[in-house]
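Some notes on the structure that comes next.
Atom set for the values below is all heavy atoms of this structure, side chains included, hydrogens, waters and symmetry mates excluded.
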Amino acid sequence: MTSGPFPETSKEKIKPPKGVYEAIIVDLDTIKDVRCGEHIADIYKVHYKLQSSDYKDFVVKDNGVFRYKEKDGFMYDPKRNWGYGKFYDILELPRNTNNKTGIPALDKNTIEGYTVKVDLSYKTFVNEAQLQVSYPVAKLVERISEVPF
């Protein structure tokens, strides 16, 4: 019934090819305090709903936007947040200079509804049953418009 990390629905049986698509940000998953070697980060998985007529309403998650942070017992290097900063800059979100990371944590209410362009690709791996599994991931490349209200 399911293949890979995402449940399969009738719309997901037809998977869009790699490429750049217009999409709307519709949701956000946050995974907190993920250990990355000697560092710790929150990982944001943004959900994008494609707007292409052939794949309208197909939802794909971001590969993951990492926000490294200061926490006792872990190293911290603000330069590691370059990808998070790039994500923030593409969406033209305001930065908080009082925050030690320089960039506040992402919040669903802040980004939901933005129209953007994403680069869709596929992650492929071999699972425990030795079967090759492939699932779509997206990467933000451009902001088209902000929330329409």
Side-chain angles (χ1 to χ4, degrees), residues 2-8 11-12 15-52 54-128 132-149:
T2 63
S3 64
F6 306 107
E8 192 172 315
K11 283 192 181 291
E12 290 176 321
K15 293 185 177 179
K18 293 179 190 179
V20 176
Y21 294 87
E22 187 171 312
I24 295 175
I25 296 175
V26 294
D27 205 355
L28 174 69
D29 294 335
T30 304
I31 306 162
K32 293 199 172 277
D33 297 333
V34 176
R35 190 179 189 128
C36 305
E38 296 178 342
H39 298 83
I40 195 158
D42 292 340
I43 303 172
Y44 300 96
K45 301 255 182 173
V46 181
H47 298 223
Y48 304 102
K49 186 189 298 186
L50 301 186
Q51 298 301 295
S52 165
D54 292 342
Y55 307 102
K56 188 133 178 95
D57 299 334
F58 183 91
V59 176
V60 61
K61 289 185 184 182
D62 195 287
N63 194 33
V65 181
F66 286 67
R67 179 177 180 256
Y68 293 91
K69 56 190 186 177
E70 287 186 273
K71 191 168 183 175
D72 287 343
F74 295 93
M75 294 179 63
Y76 175 70
D77 179 2
K79 289 185 247 162
R80 291 181 71 110
N81 281 327
W82 67 269
Y84 189 70
K86 183 176 178 182
F87 182 89
Y88 243 74
D89 291 344
I90 290 171
L91 289 182
E92 299 176 24
L93 298 171
R95 292 179 180 232
N96 177 0
T97 54
N98 296 335
N99 190 320
K100 291 193 178 195
T101 64
I103 310 170
L106 269 182
D107 176 86
K108 175 182 170 180
N109 296 325
T110 305
I111 63 172
E112 187 176 34
Y114 273 68
T115 303
V116 297
K117 283 190 181 175
V118 296
D119 186 8
L120 185 138
S121 61
Y122 284 83
K123 286 267 185 184
T124 303
F125 65 95
V126 176
N127 67 12
E128 301 84 23
Q132 184 170 309
V133 177
S134 181
Y135 64 93
V137 293
K139 178 181 173 191
L140 178 67
V141 292
E142 181 183 339
R143 179 183 106 159
I144 297 172
S145 68
E146 61 183 90
V147 182
F149 47 79

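Between Pro16 and Leu50, the closest heavy-atom pair is CG-CD1, 3.8 Å. The minimum heavy-atom distance between Ile144 and Lys117, with the atom names listed, is CD1-CG, 3.7 Å. Nearest heavy-atom pair, Thr115 versus Glu22, reported as atom, atom and distance to 0.1 Å: CG2-OE2, 3.6 Å. Closest approach of Ala23 and Val118 over heavy atoms only: CB-CG2, 4.2 Å. What you find for Pro17 and Leu120 is that their closest heavy atoms are O-CD2, 3.7 Å. The two residues Asp62 and Val65 come nearest to each other via the heavy atoms OD1-CG2, 3.8 Å.
A 4.5 Å side-chain heavy-atom check between Ile25 and Val116 finds at least one atom pair inside the cut-off. When side chains are defined from C-beta on, Tyr48 counts as touching Leu140, because their heavy atoms get closer than 4.5 Å. Side-chain contact between Lys71 and Asp33: present, with at least one pair of heavy atoms (C-beta onward) separated by less than 4.5 Å.
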- Task: Would you sort out whether Thr110 and Leu28 count as a side-chain contact (heavy atoms from CB on, under 4.5 Å), showing the intermediate values?
- Result: CA-CA 10 Å; Thr110 305; Leu28 174 69; over 6 Å; no
- Task: May I have the step-by-step check of side-chain contact (heavy atoms from CB on, under 4.5 Å) for Phe74 and Lys69, ending in yes or no?
- Result: CA-CA 9 Å; Phe74 295 93; Lys69 56 190 186 177; over 6 Å; no
- Task: Carefully, step by step, assess Phe87 and Asn81 under the rule side-chain contact (heavy atoms from CB on, under 4.5 Å).
- Result: CA-CA 10 Å; Phe87 182 89; Asn81 281 327; over 6 Å; no
- Message: Applying side-chain contact (heavy atoms from CB on, under 4.5 Å) to Leu106 and Arg67, what does each step give before you reach the verdict?
- Response: CA-CA 9 Å; Leu106 269 182; Arg67 179 177 180 256; over 6 Å; no
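None of His47, Lys45, Lys108 except one satisfies the side-chain hydrogen bond (donor to acceptor under 3.5 Å, both in side chains) rule with Asp29; the exception is His47. A side-chain contact (heavy atoms from CB on, under 4.5 Å) with Lys32 is found for exactly one of Ile43, Asp42, Ile40, namely Asp42.
Remark: Asp72 engages no residue in a side-chain contact (heavy atoms from CB on, under 4.5 Å) (not counting sequence neighbours).
With rounding to the nearest 0.5 Å, the separation of CD1 in Ile111 from CG in Leu93 is 7.5 Å. In this structure, CG in Asn63 is found 4.0 Å from NZ in Lys123, a value given to the nearest 0.5 Å. Note: Glu70 CD to His39 NE2 = 11.0 Å, rounded to the nearest 0.5 Å. Separating the CG atom in Leu91 from the NZ atom in Lys86 is a distance of 12.5 Å, to the nearest 0.5 Å. Between the CG atom in Asp119 and the CD atom in Glu142 there is a gap of 12.0 Å [rounded to 0.5 Å].
No donor-acceptor pair under 3.5 Å is formed between the side chain of Arg80 and the backbone N or O of Phe66.
Ring geometry for Tyr88 against Tyr84 counts as tilted: the plane angle lies between 30° and 60°, on a 0 to 90° scale.
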